[in-house]
Amino acid sequence: MGRGDSSMTAVSAEAPKYTRAAVALHWLVAIMILGMIALGLYLRFFVPRDTPPRTWWTNLHKSLGIIVACFIFARLAWRLRHRPPPLPRTVPQWQVIGARWSHTLLYVCMVVQPVSGYVASNFSKWGIKFFNHWHLPPWGWESHTIYTILNDIHIINGWLLLALIAIHVAAALMHAGMRDRVFERMLLS
């Protein structure tokens, strides 16, 4: 069956879309996560260590991370209550399996990222200064070892999350180019 075959187009045209709430949560969380990754990279590579600006940027990153975490958990709760629409029957089985695994890994990384950062902050002497104004004292004890392990998890998971996002975007663009209606399922209409 070729790409121009009308029976394939008819089957693909029947592909159900995500709900408006799912689409809105997807794009909102995606933009927030990309912003947090950009802020984390800026903080890591461009803000000098042990300076007042670094403290300010670090607390901004932590504060925004708490807010983004709330949206991530809302998205996860939505996803657990609402099954995604099935992929069109024209999508090969290996892509269906790949999509299932990549989405699962994306959700795992989306949860690990803010949790590891938040918990790490609670094993430092500083805790979190929410939006550089309200001090949230650490509920843990000061432990360089625990902080370092969790911070390393936060950094490694961040790179893994960025790689999974790149794969996700590449797959979405592939489907957009194939015009198999998979890409359109996640657009607001």
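Values in this document were obtained by computation on a predicted structure and should not be read as measured data.
- Listed here is the closest heavy atom pair of M32 and V68: CB-CG2, 3.8 Å.
- When the side chain to side chain donor-acceptor pair (under 3.5 Å) test is applied to Y42, no partner is found at least two apart in sequence or on another chain.
- Hydrophobic clustering keeps I167 apart from L160 (ILVMFWY residues linked when any side-chain heavy atoms are closer than 4.5 Å, directly or through intermediates).
- Cluster membership check: W159 shares its hydrophobic cluster with L150, using side-chain heavy-atom separations under 4.5 Å among Ile, Leu, Val, Met, Phe, Trp and Tyr.
- When all heavy atoms of T51 and P48 are compared, the closest pair comes out as OG1-O, 2.8 Å.
- The two atoms that bring P138 and G127 nearest to each other are CD-CA, 3.8 Å, heavy atoms only.
- The distance from atom CG of L164 to atom CG of L106, rounded to the nearest 0.5 Å, is 5.0 Å.
- Note: the hydrophobic cluster containing L105 also contains F73 (ILVMFWY, side chain heavy atoms under 4.5 Å, direct or indirect links).
- Pairing each heavy atom of P137 with each of H135, the nearest pair is CD-O, 3.3 Å.
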Next on the checklist: Between I37 and I165, is the side chain to side chain contact (heavy atoms under 4.5 Å, CB included) condition met? List the steps.
Outcome noted: CA-CA 11 Å; I37 289 172; I165 290 168; 3.9 Å; yes

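- In this view, H144 and T148 satisfy the side chain to side chain donor-acceptor pair (under 3.5 Å) rule, not counting sequence neighbours.
- Once rounded to the nearest 0.5 Å, the distance linking CG of N59 with CZ of F131 reads 10.5 Å.
- W141 is linked by a ring pair (Phe, Tyr, Trp, His ring centres under 6.0 Å) to F123, counting only residues two or more places apart in sequence or in another chain.
- For F71, the CZ atom sits in a loose shell: 12 or fewer heavy atoms of surrounding residues, nucleotides or ligands are nearer than 6.0 Å.
- The other residues sharing a hydrophobic cluster with L25 are W78, where clustering joins ILVMFWY side chains under 4.5 Å apart.
- Dense packing is recorded around NZ of K62, with more than 12 heavy atoms of other residues, nucleotides or ligands lying under 6.0 Å away.
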Item to check | Full working for side chain to side chain contact (heavy atoms under 4.5 Å, CB included) between F46 and L41 | outcome: CA-CA 8 Å; F46 297 105; L41 291 171; over 6 Å; no

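- The nearest pair of heavy atoms linking Q95 to H175 is OE1-CE1, 3.3 Å.
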Checklist entry - Going through the checks in order, is the side chain to side chain contact (heavy atoms under 4.5 Å, CB included) test met by F183 and M178? => result CA-CA 9 Å; F183 180 78; M178 292 174 58; over 6 Å; no

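- When the side chains of ILVMFWY residues are joined at heavy-atom separations under 4.5 Å, either directly or via intervening members, I31 and I72 end up in two distinct hydrophobic clusters.
- How far OG1 of T58 is from CG of L43: 4.0 Å, rounded to the nearest 0.5 Å.
- R54 CZ: more than 12 foreign heavy atoms inside a 6.0 Å radius.
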Anything under 3.5 Å between a donor and an acceptor, one on a side chain of residues 110-122, the other on a protein residue two or more places apart or in another chain? List them.
residue, atom, partner, partner atom, Å
Q113, OE1, N157, ND2, 2.7
Q113, OE1, G158, N, 3.1
Q113, NE2, H154, O, 3.0
Q113, NE2, H154, ND1, 3.4
Q113, NE2, H154, NE2, 3.4
S116, OG, V112, O, 2.8
S116, OG, Q113, O, 3.1
S116, OG, H154, ND1, 3.2
Y118, OH, W139, NE1, 3.1
S121, OG, G117, O, 3.0
N122, OD1, W139, N, 3.1
N122, OD1, W139, NE1, 3.2
N122, ND2, Y118, O, 2.8

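- No side-chain heavy atom of D180 sits under 4.5 Å from any side-chain heavy atom of P88.
- Expressed to the nearest 0.5 Å, how far CZ of F130 lies from OG of S63 amounts to 5.5 Å.
- Here CD of Q93 is found 9.5 Å from CG of L87. Values are rounded to the nearest 0.5 Å.
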Checklist entry - Run the side chain to side chain contact (heavy atoms under 4.5 Å, CB included) check on H26 and Y18 step by step: do they pass? => result CA-CA 10 Å; H26 172 272; Y18 283 88; over 6 Å; no

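- How far CD1 of I33 is from CZ of R75: 8.5 Å, rounded to the nearest 0.5 Å.
- Between the R185 side chain and the P86 main chain, a donor and an acceptor come within less than 3.5 Å of each other.
- Put simply, the side chain of H103 gets close to the backbone of A99: a donor and an acceptor are under 3.5 Å apart.
- Hydrophobic side-chain contacts under 4.5 Å tie I97 into a cluster, directly or through other members, with W101.
- No continuous path of hydrophobic side-chain contacts links L187 to V169 [ILVMFWY only; heavy atoms under 4.5 Å].
- Considering all non-hydrogen atoms of both residues, T55 and N132 come closest at O-OD1, 4.0 Å.
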